[in-house]
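Throughout, protein chains are lettered first and strands after them, A, B, ... in sequence-line order, and every chain is numbered starting at 1.
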Protein chains: 2
Amino acid sequence: MDRKRSYDDGCAFAQALDLVGERWALLVVRELMFGPLRFTDLRERLPGIASNVLTQRLAGLEEAGIVRQVDLPRPARGKAYALTAWGKAFREPLRVMGAWASASPQLRFDKPLSAAAAMLSLSSMFDRDKAAGVSVAVDLRLPDGDFAIRVEGGCLSVEPGRTPDPQCVVSGDQNALLAVLYAGKPGSTALAAGTLAVEGDLDKLAELAGTFRAPEPMLG
Amino acid sequence: MDRKRSYDDGCAFAQALDLVGERWALLVVRELMFGPLRFTDLRERLPGIASNVLTQRLAGLEEAGIVRQVDLPRPARGKAYALTAWGKAFREPLRVMGAWASASPQLRFDKPLSAAAAMLSLSSMFDRDKAAGVSVAVDLRLPDGDFAIRVEGGCLSVEPGRTPDPQCVVSGDQNALLAVLYAGKPGSTALAAGTLAVEGDLDKLAELAGTFRAPEPMLG
DNA sequence: CCGAATCCTGTCCGATACTG
DNA sequence: CAGTATCGGACAGGATTCGG
């Protein structure tokens with residue numbers, strides 16, 4: 001009468017896979033990392049997921065203690081899905097696995113990216129050493145929401161929302177943004193092409209771009 | 001004509017899941033983390049995996065550039081499966097995800113554990129702060145192989161094989177070992193019960209045990 | 001004995017259609 | 001808007017069998 005298929009393995013890692021190893025589960029967690037979302041929002045941000053699968057995954061994640069339902073605040077009525085404290089703690093595994101994945105010999109850059117994925121990518125590619133002495137506060141206006149990026153004391157902070165007084169504000173979509181930040185040459189093609197708009201100190205954006213390492217495949 | 005099912009997502013993390021997100025894939029990587037194994041060895045260490053599934057996973061991991069086939073050295077004839085450099089780099093994600101999993105509200109400790117899983121668990125539960133000033137070298141003789149554990153300068157090293165002159169040698173199975181190390185009270189029940197045998201400096205084992213935090217569920 | 005290919009069965013996934 | 005119902009197809013699991 002085992003409800004779920006299990007590896008039946010004492011390893012904590014394997015038991016985690018029993019909980020989040022199903023298809024789409026970790027991508028749902030990824031999308032919720034920056035705040036609660038409604039069912040339909042999740043569907044939009046996860047192109048390709050079937051609604052019944054999303055229902056199952058949310059139920060499973062809730063049972064596992066990773067996701068919980070919350071009442072939507074303010075004007076909107078209805079419920080949404082949020083991460084529990086333990087669910088939010090998955091940000092670190094997400095960051096580390098993303099960093100590992102960026103060394104894949106077959107990583108492709110031409111596919112679309114959700115805002116949450118892009119913001120987590122920043123954490124993955126951030127390089128402490130390159131950030132020594134850097135202090136910047138840049139706000140992003142992405143189609144799916146605003147994010148405040150700050151680098152200070154060798155640490156990167158990525159939070160949803162806005163900063164009171166950003167040094168620089170970038171508007172556009174996340175694919176163009178990452179292309180600029182990782183290309184090593186900010187202010188280049190994407191800006192010229194008009195897919196990104198920058199207000200404020202462009203040098204601060206360049207400084208931010210300098211704190212990321214470019215994804216590079218690991219050979220052997 | 002898509003050969004493989006894909007999330008078709010630009011996120012490096014999602015693309016990693018395309019490669020290693022299938023059932024059993026990451027557990028195969030886990031088992032290979034401390035050295036090459038043959039097909040049959042893998043089957044033994046992954047109770048429950050079907051042989052055809054193992055075949056498929058190995059083929060997929062090889063295609064992804066995570067695993068490669070090697071000729072078995074020395075006396076044994078035949079081939080074995082080893083991790084590539086990039087595959088070995090997965091040790092860090094494994095460690096971090098294990099640490100996250102150890103905070104699961106529903107982690108069970110009574111299930112059997114492979115030697116590789118136990119050794120990775122040590123990395124997950126290691127606590128830099130607790131290890132300040134600690135310097136120990138302990139050798140383990142587990143049923144599936146020998147491992148050399150060293151703590152020095154706030155760092156933990158877990159390697160397959162033996163140390164020339166260990167301060168302490170523990171023989172027994174990995175489940176009993178972890179119970180002793182994480183219980184906070186080494187030298188207690190398991191040793192008394194004779195499931196573990198210790199030669200050398202028992203205090204060094206206690207010192208080692210003091211560098212690990214006990215798994216504790218995160219609430220909320 | 002090792003490594004793998006071949007059945008067959010059951011479960012899970014994916015897509016569409018439909019309902020409170 | 002937020003899911004449920006349904007169904008075909010893909011994939012996992014187990015046993016057996018076959019070639020080194």
Select one nucleotide: of [options], the one nearest the side-chain heavy atoms of [X].
X        : options                  : result
Ala50(B) : dA2(D), dG13(D), dC11(D) : dG13(D)
Gln69(A) : dA12(D), dG3(D), dA4(C)  : dG3(D)
Lys79(B) : dT4(D), dA4(C), dG13(D)  : dA4(C)
Arg57(A) : dG3(D), dC13(C), dG3(C)  : dC13(C)
Ser51(A) : dA2(D), dA12(D), dG3(D)  : dG3(D)

Given [N], is OP1 or OP2 found less than 4.0 Å from the side-chain N or O atoms of [X]?
X        : N       : answer
Arg23(B) : dC12(C) : no
Tyr81(B) : dA4(C)  : yes
Thr55(A) : dG3(D)  : no

Rounded to the Å, how far apart are [X] [atom1] and [N] [atom2]?
X        : N       : atom1 : atom2 : result
Gln56(B) : dC11(D) : CD    : C1'   : 8 Å
Glu44(A) : dG3(D)  : CD    : P     : 15 Å
Trp24(A) : dC13(C) : CH2   : P     : 12 Å
Leu54(A) : dA15(C) : CG    : C1'   : 14 Å
Leu46(A) : dC13(C) : CG    : P     : 15 Å

- Message: If only side-chain N and O atoms count, and only distance matters, is there a donor-acceptor pair under 3.5 Å linking Ser104(B) with Gln15(A)?
- Response: no

- Task: Look at the side chain of Asn52(A) against the base of dG3(D) and say whether a donor-acceptor pair falls under 3.5 Å; ignore hydrogens and angles.
- Result: no

- Query: So does Asp127(A) pair up with Arg213(A), basic N to acidic O under 4.0 Å?
  - Reply: no

Is the shortest heavy-atom distance from the side chain of [X] to the side chain of [Y] under 4.5 Å?
X         : Y         : value
Lys79(B)  : Phe39(B)  : no
Met125(A) : Leu181(A) : no
Leu42(A)  : Leu32(A)  : yes

